[in-house]
Amino acid sequence: MKLITTGNQLAPNMITPDAFADWGPNIAKIKAPLNILRKAIPVPTLHTMDTAWEVNIKTSIELYTIWEASGVLDQLETIDPNLFDVVNDLMDEKREEYQEWVEEHQAESTAD
Amino acid sequence: MASQEEQERPAASGYSGFGPEWRPVKLSTDEARRATSWVEARIDRREMLVNKDQVKDVRDLMWELEKDGEIVVHRITEQHEPVTGRTLYGWNKRIPTNQFWHHKSCGQCGNIPGYPSSLLWLQNKLGTRYLDETDQTSCTAWNYHGSGIGNIVSLAAVFLRNFHQAYVSAMAEGLPAGYYYPLVHCGTSFGNYKEVRAFLLQSPKLRAQVKQILGKLGRLVDGKLLIPEEIVHYSEWLHVMRERIAEHRVIDCSNIRATVHPACHVHKMVPEDVLYDETVLDGNRVAVSTGLLQTLGVEVADYSTWYDCCGFGFRHIIGEREFTRSFAIDRKIKVAVEEAHADVMVGHDTGCITTLDKSQWIGGAVDKVYPLAVMADCQFAALVCGAHPYKLAQLHWHASPFEGLLEKLGIDWQKAKAEFEVYLDEVKAGRIETLYDPKRAITSGPGYQRPALIEAQS
């Protein structure tokens with residue numbers, strides 16, 4: 001689901017001692033909240049928790065078009081209809097969010 | 001009468017060797033030795049060379065398609081300051097050395113963040129121009145091969161979509177299209193993109209399917225698909241820049257013994273495209289990483305299982321973790337420690353670094369404890385060029401014991417750790433140090449600022 005909805009295959013907050021018990025007790029050898037450790041990475045695009053890097057909303061929407069047009073979503077519906085519904089809802093939300101931004105931006109540009 | 005092996009095998013139509021069908025091969029010591037000898041005798045001598053005449057250079061097809069007006073090629077030009085390397089077959093491969101669009105790796109950014117930060121730090125050190133932006137997806141290959149999400153059309157569309165963004169990205173900064181050239185961080189992405197490029201160049205049907213999708217996205221150039229002249233891995237940049245990087249070395253590393261793990265996705269997928277160099281282990285191994293380490297002054301030790309996978313596979317890390325962990329420990333880490341007496345294992349791919357680094361702790365459960373530092377080539381290079389081990393190389397995310405290596409390099413890791421902990425208080429207060437202006441990372445949509453605005457604020 002992470003991949004389909006964001007275009008990232010992994011996220012920092014997926015990696016916990018419970019989820020990866022075989023990695024040992026220390027996900028990081030320095031004790032600090034994950035959000036602080038992530039902000040301490042000197043690469044600005046990595047100051048994230050839910051995705052490996054910050055993903056532009058337009059990028060995600062383009063990826064949805066690829067999933068739809070290449071038949072991947074049809075495959076997903078066959079394999080897991082529930083996941084398909086969840087993914088579709090998320091995609092609709094993001095598309096609406098982006099459309100709202102586009103309309104606002106156009107309104108601002110016209111006002112300028 | 002059926003053998004025991006046949007009796008154990010499920011009555012499936014085909015044997016996949018995966019999931020419940022997987023069985024240990026139970027090789028005797030002698031049989032295992034013979035298997036390794038085969039690798040030493042054949043693969044060490046670049047066995048693949050014998051098939052050279054049967055392999056076509058897909059770049060020839062690419063130039064033909066461009067000539068026929070079907071595609072546009074994102075060319076490597078003088079502005080990218082290319083250096084020519086030689087591949088396995090002696091073919092030329094031009095490696096750009098400047099103006100990069102960084103194609104990040106989800107595994108590196110997710111759990112080995114010191115990997116990309118070290119690379120960008122080295123590029124800052126060398127005055128390399130680059131763009132690290134938010135408008136990119138992962139290659140999606142791990143999910144395709146690991147869990148079946150995707151198909152060849154989606155993989156090809158993702159490939160061309162991301163590389164088109166690399167082509168046009170500079171326009172957001174008021175620069176011409178083609179200014180930045182894509183530099184792929186992940187070895188899996190590198191291998192996947194090269195496979196997909198070959199499929200695209202060879203299949204008119206696939207090109208037609210993908211063209212329709214890219215058209216919907218507005219990602220054609222003059223109504224044509226855009227294909228990069230070369231698919232370039234960051235380790236290739238390190239390799240052609242190794243002499244210049246070595247000029248910045250501030251720590252003597254001649255007392256360090258390293259083993260290199262050549263990543264399958266880098267050198268076994270599309271092997272004809274991989275850099276070899278007669279000055280690196282007589283040209284019998286992939287040149288990247290080993291060439292860099294040798295130039296930095298490290299003693300690179302050869303070892304009998306160099307050709308083996310790290311254990312990651314494509315699907316094994318997801319579905320066969322026991323196999324992954326055992327393979328990583330028994331066939332790689334143990335051999336590097338006991339046979340090669342290495343201080344560190346250096347790699348050039350996301351999955352390998354993760355597997356070799358994270359599989360060591362669990363070995364304690366079966367008394368297989370072989371402590372060995374594991375890191376990427378660029379992390380090691382950054383360290384010996386003076387990068388901070390925690391703030392920059394971000395070694396605290398590594399599970400393997402890197403502290404001994406740092407001591408051997410003369411780096412006081414306890415002092416560095418304390419400095420980093422103090423820095424975390426600065427971070428909490430919002431005083432964050434970054435390798436580039438964060439505003440540059442957004443090239444469109446919410447948060448985008450035109451370059452003149454960025455310049456005025458800087």
Side-chain angles (χ1 to χ4, degrees), chain A residues 1-4 6-12 14-15 20-33 36-48 51-63 65-72 75-76 79 97-98 101-102 104-105, chain B residues 104 106-111 113 116-117 120-121 132-138 140 142-143 148-151 153-154 157-158 161 209 212-213 216-217 219 321 325 358-359 361-362 390-392 394 396-399 417 420-421 423-424 427-428 432-436 438 441-446:
Chain A
M1 190 165 100
K2 181 68 71 182
L3 168 74
I4 291 192
T6 68
N8 260 215
Q9 301 180 111
L10 195 69
M14 286 162 65
I15 302 163
F20 290 84
D22 55 339
W23 286 12
N26 301 315
I27 294 301
K29 286 183 181 172
I30 289 193
K31 298 292 170 213
I36 299 299
L37 286 175
R38 291 295 294 182
K39 283 180 185 163
I41 300 165
V43 181
T45 49
L46 308 194
H47 296 170
T48 49
T51 49
W53 63 78
E54 187 185 340
V55 181
N56 191 314
I57 189 169
K58 184 170 74 70
T59 316
S60 300
I61 287 164
E62 285 187 38
L63 190 63
T65 303
I66 292 175
W67 297 140
E68 285 167 345
S70 61
V72 171
Q75 289 175 330
L76 184 65
I79 299 164
E97 191 187 327
Y98 183 64
W101 179 85
V102 169
E104 271 175 35
H105 188 70
Chain B
K104 293 183 284 293
C106 42
Q108 288 175 22
C109 295
N111 72 79
S117 63
L120 297 194
W121 184 85
D132 169 39
E133 67 153 325
T134 61
D135 193 352
Q136 58 186 282
T137 75
S138 72
T140 72
W142 186 31
N143 270 262
I149 301 294
N151 54 44
V153 180
S154 70
V158 164
R161 184 262 167 223
Q209 288 172 304
Q212 206 170 20
I213 297 172
K216 277 186 191 174
L217 300 178
R219 291 199 177 272
R321 286 181 85 78
R325 296 185 303 205
K358 309 294 188 190
S359 295
W361 180 84
I362 195 69
Y390 292 87
K391 276 175 83 174
L392 195 286
Q394 298 270 313
H396 47 286
W397 299 100
H398 292 233
K417 188 177 178 185
F420 183 67
E421 284 167 338
Y423 174 61
L424 289 180
V427 172
K428 279 179 201 160
I432 301 169
E433 295 173 28
T434 58
L435 290 164
Y436 59 82
I442 301 172
T443 55
S444 68

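What you see is a predicted model; the values in this text were computed from it and never measured.
- Only the side chain of W101(A) comes within less than 4.5 Å of a heavy atom in chain B; its backbone stays farther off.
- Contacts with chain A were tallied for H398(B), Q212(B), Q108(B); H398(B) has the most, counting heavy-atom pairs under 4.5 Å.
- From I66(A), atom CD1 reaches atom CZ of R219(B) across 9.0 Å, with rounding to the nearest 0.5 Å.
- With a 4.5 angstrom heavy-atom cutoff, I57(A) touches chain B only via side-chain atoms.
- With sequence neighbours left out, R38(A) forms a salt bridge (charged side-chain N to carboxylate O under 4.0 Å, His left out) with no residue at all.
- When side chains are defined from C-beta on, T134(B) does not count as touching T59(A), because their heavy atoms never get closer than 4.5 Å.
- Nearest approach of L217(B) to E62(A), heavy atoms of both residues: CD2-O, 3.6 Å.
- Contacts between A69(A) and chain B at a heavy-atom distance below 4.5 Å involve backbone atoms as well as side-chain atoms.
- Interface check for chain A: of the options K428(B), K216(B), R161(B), the most heavy-atom pairs under 4.5 Å are formed by R161(B).
- The closest side-chain heavy-atom distance from N111(B) to W23(A) is below 4.5 Å.
- Proximity to chain B is limited to the side chain of L46(A), based on heavy atoms less than 4.5 angstrom apart.
- Ranked by non-hydrogen atom pairs under 4.5 Å with chain A, the options K417(B), R325(B), E433(B), K391(B) are led by R325(B).
- A heavy-atom distance below 4.5 Å is found between the side chains of L37(A) and W397(B).
- Counting heavy atoms from C-beta on, the side chains of E133(B) and N56(A) never come closer than 4.5 Å.
- Of the atoms belonging to I15(A), it is side-chain heavy atoms, and not backbone ones, that fall under 4.5 Å from chain B.
- L435(B) touches chain A through backbone and side chain together, each having a heavy atom under 4.5 Å away.
- Taking each heavy atom of V72(A) and G150(B) in turn, the nearest pair found is CG2-CA, 3.6 Å.
- K58(A) contributes atom NZ, which lies 12.5 Å from atom CD1 of I442(B) (distance to the nearest 0.5 angstrom).
- Neither the backbone nor the side chain of Q209(B) comes within less than 4.5 Å of any heavy atom of chain A.
- Looking at every heavy atom in both residues, C106(B) comes nearest to L10(A) through O-CD2, 3.8 Å.
- Of the two parts of Q75(A), only the side chain, counted from C-beta on, holds a non-hydrogen atom closer than 4.5 Å to a non-hydrogen atom of chain B.
- With a threshold of 4.5 angstrom between heavy atoms, L63(A) approaches chain B through side-chain atoms but not through N, CA, C or O.
- Taking each heavy atom of C109(B) and A52(A) in turn, the nearest pair found is CB-O, 3.4 Å.
- By the 4.5 Å heavy-atom criterion applied to side chains, S138(B) and W53(A) are counted as neighbours.
- A 4.5 Å side-chain heavy-atom check between S70(A) and I213(B) finds at least one atom pair inside the cut-off.
- Among all heavy-atom pairs drawn from N151(B) and G71(A), the shortest one is ND2-C, 4.2 Å.
- Within the 4.5 Å cutoff, the side chain of Y390(B) has no heavy atoms near those of the K29(A) side chain.
- To the nearest 0.5 Å, the span separating CD on E421(B) from CD1 on I30(A) amounts to 5.0 Å.
- Taking the salt bridge (charged side-chain N to carboxylate O under 4.0 Å, His left out) definition, one finds that K104(B) meets it with D132(B), sequence neighbours left out.
- Among G107(B), P446(B), S359(B), the residue making the largest number of heavy-atom pairs under 4.5 Å with chain A is P446(B).
- When all heavy atoms are compared, the tightest approach of H47(A) to I432(B) is CE1-CG2, 3.9 Å.
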